[in-house]
2 protein chains.
Amino acid sequence: MAGQKIRNMEEFASVSGISRPTVSKYFNDPDSVRPSTRARIEAALEQHDYRPNIYAMNQNRKLTKNVGVVVPLLSDPYFAEIARNLEQRCIAAGYRPTLFSSHGDPALEVEVLDTLRSLKPAGVLLAPLGRASDRQALERFCADVPTLIFDSSVDQIGLAFVGSDNFQFTAHITDYLCRTGEPPCFFEMKTPANPNAHRRRQSYLNAMEAFGHAPNVVSVDGEGWAFEEIGRLGGHDALQQGRFSTNTILCSNDRLAIGLLTACYEQGVRVGRGKDCAIRVAGQDGHPHSRYTCPPLTTISHNYDAVSQTAAEALFTAIEGQVSPWKSTRLEGKLILRDSA
Amino acid sequence: MAGQKIRNMEEFASVSGISRPTVSKYFNDPDSVRPSTRARIEAALEQHDYRPNIYAMNQNRKLTKNVGVVVPLLSDPYFAEIARNLEQRCIAAGYRPTLFSSHGDPALEVEVLDTLRSLKPAGVLLAPLGRASDRQALERFCADVPTLIFDSSVDQIGLAFVGSDNFQFTAHITDYLCRTGEPPCFFEMKTPANPNAHRRRQSYLNAMEAFGHAPNVVSVDGEGWAFEEIGRLGGHDALQQGRFSTNTILCSNDRLAIGLLTACYEQGVRVGRGKDCAIRVAGQDGHPHSRYTCPPLTTISHNYDAVSQTAAEALFTAIEGQVSPWKSTRLEGKLILRDSA
DNA sequence: ATCAATTTTTTACGCGCGTAAAGAAAAATG
DNA sequence: CATTTTTCTTTACGCGCGTAAAAAATTGAT
């Protein structure tokens with residue numbers, strides 16, 4: 001860190017003893033220059049700490065190294081966690097990730113895509129809002145920008161889809177619940193934000209039929225992304241009205257389950273698999289918080305690492321020129337047994 | 001949206017009938033041109049949807065419209081929520097926010113600041129990691145970039161500090177607990193990540209002295225930002241070893257309380273203010289999740305809106321030229337009574 | 001209508017870098 | 001060693017826009 005301050009690549013090139021175009025080439029891809037040249041540049045880099053002006057860089061490059069990461073709701077730790085994971089993978093692969101959240105609002109999602117477009121990203125990892133998304137806006141965006149859809153699939157949009165196998169999720173945990181006690185009721189939102197919810201309900205119905213049990217879907221009112229509150233209020237209603245036909249409740253997702261647990265507590269209904277417990281409650285997602293509910297929540301967890309790795313790698317190979325047909329990858333979840341069911 | 005595609009400001013200027021420098025002036029500040037001119041530009045804007053190239057824009061502007069928002073841990077819904085709030089305020093004020101998280105890692109925090117520096121932001125809203133932060137790196141950054149520190153104060157760095165009044169927080173809730181039952185023990189991490197924790201402990205000691213009660217600080221081991229797990233494990237130990245001298249526990253923060261509640265559940269200790277409950281537990285922060293614990297957590301909540309509004313406005317006025325001396329603003333919290341205490 | 005103040009137009013340059021082309025130098029090959 | 005291949009240097013242009021300066025046009029008030 002000695003020497004005078006470097007103002008631009010011209011100056012840096014001269015102190016490093018390499019021509020500017022070669023230095024430019026190095027910053028675009030360090031492997032594209034001879035090892036000895038690379039060493040000289042990196043030696044100079046250590047002495048003079050210079051960083052290329054990203055604005056001048058991106059202005060002329062046909063493709064930037066920017067990658068957008070978009071999630072529907074960043075205040076949901078599940079998305080925050082997966083976003084963090086994706087972010088790290090982008091950095092490791094030499095890209096510059098930028099994080100966006102639609103905050104549950106379709107209009108904001110469109111705005112995010114517009115902002116993203118002006119960033120001229122090399123690619124985008126997008127978890128759409130789902131049902132509320134502006135389909136056409138998504139399609140137009142995907143036509144312009146290499147976009148990989150994750151978490152929640154919308155038609156056959158983008159380069160590919162990577163997410164969890166919701167059928168397997170629900171089939172697996174329904175199976176577990178049936179084998180260990182009364183068959184579950186299914187607790188869900190009447191108008192879920194996320195298309196995954198429909199798959200889970202269908203999978204529940206299939207699994208129950210396979211077992212020869214009568215299904216019981218309890219759908220509760222509520223719009224938006226405040227799932228806990230929807231689960232709590234809906235849970236109160238359902239409990240008071242005796243809408244649960246068995247002592248076991250499988251929730252469409254963990255956040256709904258968390259709200260339902262609160263409702264149970266508030267009604268004095270003991271939850272768990274102990275003798276003294278009235279009902280069992282299970283969730284789905286492996287939400288970061290599910291470990292700390294009371295009782296800790298039995299759930300089926302996304303394979304966070306595998307989903308984000310598959311998604312990131314698929315995007316990167318697409319960016320780097322590999323053309324492959326649209327593909328949907330759905331990864332299995334892992335049952336996490338805790339005290340609630 | 002008719003007409004041919006606009007490639008650059010030159011073309012847009014010609015279709016709008018205004019000269020390019022004036023159009024440029026408009027995009028920099030719509031109010032800087034005559035209303036009639038502005039109307040003509042905006043009319044053209046509706047017909048031709050053109051957006052200036054942000055890279056070319058930012059390259060030459062002395063000051064960009066970028067604002068960095070940095071939080072220590074985005075997967076903590078508290079920070080996610082405040083980040084969302086700040087983001088919206090930036091957009092409303094005509095800035096372009098970019099969100100960063102240090103993910104609890106001091107090295108990452110430094111990297112974030114480096115990345116941010118190359119974005120040449122007009123200003124930064126920074127919630128530092130706290131104790132683990134690289135003080136020197138923070139100072140250097142603040143010397144280069146107008147930075148407003150929020151949530152957790154580090155010396156007298158940056159333009160100003162805006163956060164909550166931790167003394168008031170703890171004094172207020174300690175007061176409540178003392179008046180409604182046994183005086184509280186104080187449950188905290190031995191080596192807290194955040195300097196606010198020290199203020200809260202001190203405030204607890206002061207309050208207890210004022211009441212003439214003997215204080216009892218229970219400090220538990222654990223490094224990092226997995227507060228729930230630290231609270232759970234520490235809670236198990238403390239409960240088993242009988243380290244709580246009264247039936248009331250005030251936790252240094254809500255996430256620790258959430259972990260402690262789980263420990264209580266796992267040990268079969270009933271929490272709440274009912275006759276059949278063994279202990280009372282209270283938290284501090286008004287964490288988004290605190291409503292849904294079992295029992296719902298009594299806590300003292302940050303004034304999210306006021307903190308983010310004060311922080312954002314202070315930054316904007318500083319960016320817009322107002323020089324004012326360093327100042328610390330600490331906002332009071334509001335007690336939220338629920339069933340846990 | 002007249003004059004001053006404000007705003008816009010015209011003209012021109014530069015920002016920092018990508019990138020293309022042609023020639024020089026270095027490395028690899030035989 | 002001569003030859004081919006690869007890499008680097010030199011030179012040069014352009015990207016899209018900010019911005020400065022001087023001239024022209026518009027506005028507002030007298």
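Naming: A, B, ... by sequence-line order, numbering from 1 per chain.
Rounding to whole angstrom units, NZ of residue A/Lys62 and P of D/dC15 are separated by 13 Å. Between the C1' atom of C/dC15 and the CG atom of A/Asn8 lies a distance of 9 Å, rounded to the nearest Å. Between the P atom of D/dT10 and the CD atom of A/Glu10 lies a distance of 10 Å, rounded to the nearest Å. If you take CG of B/Asn58 and P of D/dT19, they are 11 Å apart, rounded to a whole angstrom. When rounded to the nearest whole Å, the span between NZ of A/Lys65 and C1' of C/dC17 equals 16 Å. Atom CZ in A/Phe12 sits about 17 Å away from atom C1' in C/dG18, given to the nearest Å. One atom, CD of B/Gln59, and another, C1' of D/dG14, lie 12 Å apart when rounded to the nearest Å. Rounding to whole angstrom units, CG of residue A/Asn60 and P of C/dG18 are separated by 7 Å.
Residue-level contact check: B/Tyr50 touches the backbone only, with heavy atoms under 4.0 Å from sugar-phosphate atoms and none from bases. Counting any heavy atom pair closer than 4.0 Å across all strands shown, A/Pro52 reaches sugar-phosphate atoms only and no base atom.
Applying the ring pair (Phe, Tyr, Trp, His ring centres under 6.0 Å) rule to B/Tyr78 yields the partners B/His302, B/Tyr304; only residues at least two apart in sequence or on another chain are considered.
With respect to the salt-bridge test (charged N to carboxylate O, under 4.0 angstrom), the residues B/Glu87 and B/Arg84 do not qualify.
Each of D/dT11, D/dG14, D/dA20 was ranked by its minimum atom distance to the side chain of A/Pro21; first place goes to D/dT11. Side chain of A/Ile18, nearest nucleotide from D/dC17, D/dT9, C/dT8: D/dT9. If you check C/dC17, D/dG18, D/dT9 against the side chain of B/Arg61, the one that comes closest is D/dG18.
Considering all non-hydrogen atoms of both residues, B/Phe161 and B/Ser153 come closest at CE1-N, 3.3 Å. The two atoms that bring A/Lys25 and A/Val33 nearest to each other are CB-CG1, 4.3 Å, heavy atoms only.
Residues of residues 23-41 of chain B having a heavy atom closer than 4.0 Å to DNA chain D, listed by number: B/Ser24, B/Asn28, B/Arg34.
Side-chain nitrogen and oxygen atoms of B/Ser19 include none within less than 4.0 Å of the OP1 or OP2 phosphate oxygen of C/dT10.
B/Asn53 and B/Asn8 form no side-chain donor-acceptor contact under 3.5 Å, judged by distance and modelled atom types alone.
Residue side chain B/Arg20 reaches the base of D/dG18 through a donor-acceptor N/O pair under 3.5 Å, judged by distance alone.
Side-chain contact between A/Gln88 and B/His103: present, with at least one pair of heavy atoms (C-beta onward) separated by less than 4.5 Å.
For the atom pair B/Lys120 NZ and B/Gln59 CD, the distance stands at 7.5 Å (nearest 0.5 Å).
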